[in-house]
Amino acid sequence: MKKLLTMALALVLVLSCVTVFASCTGGNGDEKGTTADTNAATDTTQDTDAPAEKKVLKMATNAYFKPYEYYEGEKIIGIDAEIAQAIADKLGMTLEIVDMEFDTIITAVNAGSVDFGMAGMTVTEDRLKEVDFTVSYAKGVQAIIVKEDSPITSDSDLFAEGATWKAGVQQGTTGDTYASDDLGEDRVTRYNNGNNAVLALLGGSVDCVIIDNEPAKALVAANEGLKILETPYADEDYAICVKKGNTELLEQINNAIVELIGDGTIDSIIAKYIK
Ligand code: GLN
């Protein structure tokens with residue numbers, strides 16, 4: 001069911017991608033681009049050195065989602081931060097990244113306090129009612145983390161009839177939605193980030209954590225005694241969200257993404273973080 005849904009969404013994204021390709025004039029905005037400066041891009045404070053005429057493009061994210069967005073010292077780095085910088089360069093704008101709870105990003109986008117949301121955010125039917133999504137720039141997979149010696153060996157153990165396993169999730173994520181639907185609300189505990197969910201797993205309050213695969217790998221690498229089940233849970237498409245009806249920005253970002261996919265920039269950014 002979930003696979004069908006994500007396949008349908010993927011189809012919509014591919015079709016919109018084709019439309020963007022068709023309308024893309026090619027190279028627009030390139031000339032305005034500055035040399036990518038990831039450090040400037042990831043500065044969470046206003047860049048006072050920016051030329052006055054450059055507009056600020058504000059991105060909302062939740063910077064506890066390695067390798068997509070995470071802190072290195074004071075700076076937010078990662079796949080999304082670098083792709084966002086490449087987009088801002090194409091648009092001739094200065095990128096500013098604002099860190100917030102994942103489940104407040106869509107509200108901030110719709111309130112206009114930020115221009116777009118980018119946080120390894122999956123395109124879902126529910127979110128499409130609230131915001132507009134760009135073409136997809138990456139794939140995601142929901143994974144299940146358990147303790148190394150866990151009796152849960154596959155997703156069918158977790159979802160078995162009569163089973164009582166408890167799952168930890170990150171509040172407001174697709175992992176939260178899927179787990180709540182499939183296990184029932186009373187078997188799901190919500191945490192404000194994946195790290196806290198993993199601490200709960202290590203402490204024995206939950207039996208597994210359902211979270212996106214790459215952050216899952218980073219969490220397993222950072223904490224001893226954990227593993228990821230070989231049976232992935234759901235396939236997803238990541239995209240950037242903008243305020244519903246902001247077609248101008250949507251089109252600008254779409255054109256930039258298509259160019260950045262076309263020239264291999266996005267692939268090389270992803271390859272830098274995911275070996
Ligand atoms: N891909 C998941 C979602 O969109 C999780 C994103 C996140 O936690 N940053 O819900």
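Counting begins at 1 with the first residue of the sequence. For clarity, every value in this text was computed on a predicted model and none was experimentally measured. Whatever order the structure lists ligands and atoms in, that order sets their numbers, starting from 1.
Judged as a salt bridge (charged side-chain N to carboxylate O under 4.0 Å, His left out), not a single pair has a partner in residues 145-163 (not counting sequence neighbours).
Put simply, the residue from I76, L57, D80, I77 that forms a side-chain contact (heavy atoms from CB on, under 4.5 Å) with I97 is I76.
In this structure, the ring of Y64 has its center no less than 6.0 angstrom from the ring center of Y191.
M93 approaches Q252 most closely through the heavy-atom pair CE-OE1, 4.5 Å. Between L158 and A163 the shortest heavy-atom distance is O-CB, 4.1 Å.
Sorted by chain and number, the heavy-atom contacts of ligand 1 below 4.0 Å come from F65, F102, A119, G120, M121, T122, R127, Q170, T173, T174, D212, E236, Y238.
A donor atom on one side chain and an acceptor atom on the other are not found under 3.5 Å apart for D237 and Y137.
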